[in-house]
Amino acid sequence: QVHLVESGGGLVQAGDSVRLSCGAAEHTFSRYSMGWFRRAPGKEREFVAAISRSGTLPDYAEFARGRFTISKDNDENIMFLQMKSLRPEDTAVYYCAARESFFESRNQYDYNYWGQGTQVTVSS
């Protein structure tokens, strides 16, 4: 079992930047490809970004491309989602997830482990 813990959320203004972190002290991230998903109020959980087990091959949802950057440090067992130029529609609970595969996936059902989520609220 992998216990993922997200941090870094909060209340920000439109145009601001936020960096989310995802860690798991007891496991090595080099075994997992990982992703970020989000659930906005009243909506289904959706794919945001993902990265391969080696920390390469980043993949982004269209709304995230150019504004968000995913990165993974296998030595430190931590993953980041740097978000800039935030918009009110980015308001959501953001979840990190891990899967036991080299390649990342956009499909949430491909992921084995999930964090509890961190709230990001963007005010206009």
Side-chain angles (χ1 to χ4, degrees):
Q1 191 76 356
V2 180
H3 296 285
L4 300 172
V5 179
E6 304 95 337
S7 61
L11 174 63
V12 298
Q13 293 188 333
D16 283 353
S17 298
V18 166
R19 188 177 76 165
L20 305 182
S21 301
C22 174
E26 71 276 23
H27 286 274
T28 175
F29 274 15
S30 62
R31 295 176 54 186
Y32 306 99
S33 61
M34 301 186 70
W36 288 97
F37 293 78
R38 70 184 188 184
R39 178 181 283 134
K43 295 188 177 181
E44 297 290 320
R45 187 159 60 186
E46 65 177 347
F47 169 73
V48 177
I51 196 162
S52 68
R53 188 167 63 193
S54 63
T56 58
L57 306 176
D59 186 28
Y60 298 95
E62 187 60 36
F63 65 80
R65 194 168 290 117
R67 296 190 301 129
F68 296 0
T69 301
I70 187 171
S71 60
K72 184 172 178 276
D73 186 334
N74 287 337
D75 291 333
E76 299 294 328
N77 290 330
I78 195 164
M79 177 177 68
F80 300 104
L81 183 68
Q82 178 71 50
M83 304 188 291
K84 65 179 183 180
S85 302
L86 284 164
R87 307 163 180 166
E89 54 264 40
D90 294 317
T91 294
V93 177
Y94 284 74
Y95 300 89
C96 69
R99 66 188 295 250
E100 295 171 354
S101 171
F102 179 85
F103 293 105
E104 71 275 29
S105 171
R106 294 186 169 205
N107 186 341
Q108 61 180 308
Y109 299 106
D110 288 338
Y111 288 83
N112 307 101
Y113 308 105
W114 290 85
Q116 292 300 305
T118 185
Q119 176 72 46
V120 175
T121 302
V122 184
S123 64
S124 58

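- Side chains of E100 and Y32 form a contact here, defined as non-hydrogen atoms less than 4.5 Å apart.
- How far CZ of R65 is from OH of Y60: 9.5 Å, rounded to the nearest 0.5 Å.
- Rounding to the nearest 0.5 Å places OG of S123 at 8.0 Å from CG of D16.
- Other residues, nucleotides and ligands contribute over 12 non-hydrogen atoms within 6.0 Å of the CD atom of E89.
- Using a 4.5 Å cut-off on side-chain heavy atoms (C-beta onward), E104 and I51 make no contact.
- Hydrophobic clustering, with ILVMFWY side chains joined whenever heavy atoms are under 4.5 angstrom apart, keeps L4 apart from Y111.
- The minimum heavy-atom distance linking A14 with P88 is given by the pair CB-CD, 4.2 Å.
- Between F80 atom CZ and S21 atom OG the span is 4.5 Å, to the nearest 0.5 Å.
- The side-chain heavy atoms of D90 and R67, taken from C-beta on, include a pair separated by under 4.5 Å.
- Interatomic distance, F29 CZ to C22 SG, rounded to the nearest 0.5 Å: 4.5 Å.
- Hydrophobic clustering (side-chain heavy atoms under 4.5 Å, transitive across Ile, Leu, Val, Met, Phe, Trp, Tyr) keeps F47 apart from L81.
- Heavy atoms of other residues, nucleotides or ligands lying less than 6.0 angstrom from CZ of F103 number 12 at most.
- Every residue meeting the side-chain contact (heavy atoms from CB on, under 4.5 Å) condition with T28, not counting sequence neighbours, appears here in chain and number order: S30, R31, N77.
- Taken together through direct or relayed side-chain contacts under 4.5 Å among Ile, Leu, Val, Met, Phe, Trp and Tyr, V48 and Y113 form part of one hydrophobic cluster.
- Considering only heavy atoms from C-beta on, F68 stays 4.5 Å or farther from I70 through its side chain.
- Cation-pi contact between R87 and F63: absent, since separation from the ring centre below 6.0 Å together with deviation from the ring axis within 45° is not met.
- The shortest side-chain heavy-atom distance between Y94 and M83 falls under the 4.5 Å cut-off.
- Of all heavy-atom pairs between S71 and M79, the closest is O-CG, 3.2 Å.
- The two atoms that bring F37 and R45 nearest to each other are CB-CG, 3.8 Å, heavy atoms only.
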(message) One pair to check against side-chain contact (heavy atoms from CB on, under 4.5 Å): E6 and L20. What are the steps and the verdict?
(response) CA-CA 7 Å; E6 304 95 337; L20 305 182; over 6 Å; no
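- When every heavy atom of V2 is checked against every heavy atom of A24, the shortest pair comes out as CG1-CB, 4.1 Å.
- L11 is not listed as a side-chain neighbour of Q119, based on a closest heavy-atom distance of 4.5 Å or more.
- For the pair R53 and S101, the tightest heavy-atom approach, listed with the atom from each and the gap, is CB-O, 3.8 Å.
- Within a 6.0 Å sphere centred on CD of E46, other residues, nucleotides and ligands contribute more than 12 heavy atoms.
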